[in-house]
Amino acid sequence: MMQRTHIIGLPIFWFCFVLGYVEGLAFYTEKPSYIESCRIQEPDFTNCSTRSIQGFLNEVIKGIPEIEESFGPIDPMKQDQLTFTQADRDVAIISTNLTNLEIRGFGKMVVKESRVNKTDFSWMDRIYIPRMRMDGNYKMIGHILLVPLRGSGRMFMELDDLEIQMTAKTRLYEKGGYTFYNVTEAKAKLEISRLKVNFENLFNGSNKQLERDTNQFFNDHWQEFFEAMRPLIVETVERTLLDLLKKMFNVMPANFFVEDIPTSLLLYGRKTRLIA
Ligand SMILES: *[C@@H]1O[C@H](CO)[C@@H](O)[C@H](O)[C@H]1NC(C)=O
Ligand SMILES: *[C@@H]1O[C@H](CO)[C@@H](O)[C@H](O)[C@H]1NC(C)=O
Ligand SMILES: *[C@@H]1O[C@H](CO)[C@@H](O)[C@H](O)[C@H]1NC(C)=O
Ligand SMILES: *[C@@H]1O[C@H](CO)[C@@H](O)[C@H](O)[C@H]1NC(C)=O
Ligand SMILES: *[C@@H]1O[C@H](CO)[C@@H](O)[C@H](O)[C@H]1NC(C)=O
C-alpha cells in the first residue's frame with residue numbers, strides 16, 4: 001500500500017493506492033468537509049442523507065479528478081452506444097441504435113430525497129433534472145405512432161422537468177478498513193413536462209417535406225411520442241445513473257455518509273446460512 005498527497009482546491013486529502021489493481025484505484029481515507037455524516041438510526045436521517053448526497057454530487061459536478069478520469073466530465077457526458085428494440089404494436093415497432101451520444105443536464109441534478117433501507121442498504125431517491133438533452137447519431141427501423149420510419153442521421157431529444165424516482169441495489173464491501181457501497185443496479189421511473197425531438201434525414205433523406213412534417217407531428221404529439229420512446233429514455237437514464245453512482249461510491253467510503261453503517265460481514269454474515 002502506498003500513500004501520496006493529492007490536492008483538490010485548497011484542502012489536502014490522503015489517497016490510498018492499492019497496488020495489485022490494473023488501474024490506480026484511488027479512494028478517500030479522510031472525510032471531506034462537504035460531506036455531512038448521518039446516522040441511520042436517527043429520525044432525521046433521510047433529510048441529512050439528502051443533504052449529504054447533494055453535497056457530494058455538487059463536488060463531483062465541479063470535478064473530482066479520480067471520478068473524471070474514469071468517467072469523463074459529468075456534463076456533457078458521453079455514452080458510446082445504445083441499442084434498443086421494442087415491439088409494442090400499439091405505439092411502436094422499432095429498432096433504434098444511438099451512437100456517439102452526448103447527454104446534457106446531469107450537472108443540474110437535484111437530489112430531493114435520498115432514503116436508505118436499514119435492512120439491505122438499498123436506496124430510494126427522488127431526483128430532479130430541469131432539462132436533459134441527448135444528441136447523437138441514430139439508425140432506426142420501425143414505426144412510431146403509426147408513422148413508418150427508416151433512416152439514419154443526427155438526432156436530438158430534449159426533456160424538460162425530469163422527475164426521476166430511482167431505486168438502487170447495493171452490496172457492501174470492505175476496502176482499506178472502510179465499508180463501501182457497490183451499486184449493482186439502478187432502476188428509474190420518470191415523468192417529464194415537455195419533450196422536443198428532431199431526427200435529421202428521416203426516410204433516408206428522400207423527402208425533406210415529409211421529414212419536416214413527421215418531426216412536427218412528433219413534437220405536436222410529444223406525450224404519445226414520449227410513451228413510445230419511454231423504454232429507451234428510461235434505459236438511458238438508468239445506465240447513466242448507474243455508471244455515475246458506481247464511480248462516485250467507489251472513491252468515497254459509505255462510512256462517511258452513514259456513520260453507523262454495519263460492515264459487510266456484520267450485515268451479510270448472519271444471513272449466510274439463510275442464503276446457503
Ligand atoms: C425533514 O425536512 C422536511 C422539510 O425540509 C421537514 O418537514 C421534516 O420535518 C424533516 N424531518 C425531520 C425528521 O426532521
Ligand atoms: C427494505 O429491504 C427489505 C429487504 O430487502 C424489504 O423487505 C423492506 O420492505 C425494505 N423496506 C422499505 C421501507 O422499502
Ligand atoms: C442495431 O444494432 C444491432 C446490433 O449491433 C443490430 O442487430 C440491429 O440491426 C441494429 N439496428 C438498426 C436499426 O440498425
Ligand atoms: C460489484 O458488483 C459487481 C456485480 O454486480 C461485481 O462484478 C464486482 O466485482 C463488485 N465489485 C466489488 C468491488 O465488490
Ligand atoms: C439509403 O440511401 C443509401 C444511399 O444514399 C442506400 O445505399 C440505402 O440502400 C438507402 N436505404 C434505404 C432503406 O432506402
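On a predicted model such as this, the values are computed, not experimentally measured, just so you know. Counting starts at 1 for both ligands and their atoms, following the listed order. Hydrogens, waters and symmetry mates play no part in the numbers below; they use all other heavy atoms, side chains included.
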Item checked: Atoms of ligand 2 close to D120 [distance to a heavy atom under 4.0 angstrom, numbered from 1] ->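 Checking each atom against D120, I get 2 (O), 4 (C), 5 (O).
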Look up [atom] and tell me if a protein heavy atom lies less than 4.0 Å from it?
| atom | result |
| --- | --- |
| atom 14 (O) of ligand 4 | yes |
| atom 9 (O) of ligand 2 | no |
| atom 2 (O) of ligand 4 | yes |
| atom 5 (O) of ligand 2 | yes |

Check: Donor-acceptor pair, T50 side chain versus S114 backbone, under 3.5 Å?
Finding: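 Flag set: sc T50 to bb S114 pair under 3.5 Å.
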Check: Any salt bridge between R230 and E224, counting N to O under 4.0 Å?
Finding: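 Result for this pair is no, no salt bridge flagged.
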Next item on the list: Run the salt-bridge test on E158 and R131 with the 4.0 Å N-O cut-off and return the result as yes or no.
Entry: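 Yes, this pair counts.
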Margin query: For the 3.5 Å polar cut-off, considering only N or O atoms, please tell me whether S122 and ligand 2 meet it.
Written below: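 Checking ligand 2 against S122, no N or O pair falls under 3.5 Å apart.
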Notebook entry, point to check: For N117, is at least one N or O under 3.5 Å away from an N or O on ligand 2?
Noted result: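 By distance alone, the answer is yes.
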Next item on the list: Applying ring pair (Phe, Tyr, Trp, His ring centres under 6.0 Å) between F180 and each of Y173, Y28, F256, F257, report the one that passes.
Entry: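 Result for ring pair (Phe, Tyr, Trp, His ring centres under 6.0 Å) with F180: Y173.
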Item checked: Candidate list F27, F121, W123, test ring pair (Phe, Tyr, Trp, His ring centres under 6.0 Å), partner F249, passing option ->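 Testing F249 for a ring pair (Phe, Tyr, Trp, His ring centres under 6.0 Å) against F27, F121, W123 leaves exactly one candidate, W123.
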Item checked: Option passing side chain to side chain donor-acceptor pair (under 3.5 Å) with R154 (candidates N137, N100, N198, N201) ->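 Exactly one option meets the side chain to side chain donor-acceptor pair (under 3.5 Å) with R154, and it is N137.
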Checklist line | N or O contact, N182 vs ligand 4, cut-off under 3.5 Å | finding: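 Checking ligand 4 against N182, an N or O pair does fall under 3.5 Å apart.
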Notebook entry, point to check: Should the heavy atoms of other residues, nucleotides or ligands under 6.0 Å from NZ of K169 be counted, would the total exceed 12?
Noted result: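 It does not: K169 NZ has 12 such atoms or fewer within range.
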Notebook entry, point to check: Just which atoms of ligand 4 are under 4.0 Å from any heavy atom in T184?
Noted result: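 Once the distances to T184 are compared, the set is 2 (O), 5 (O).
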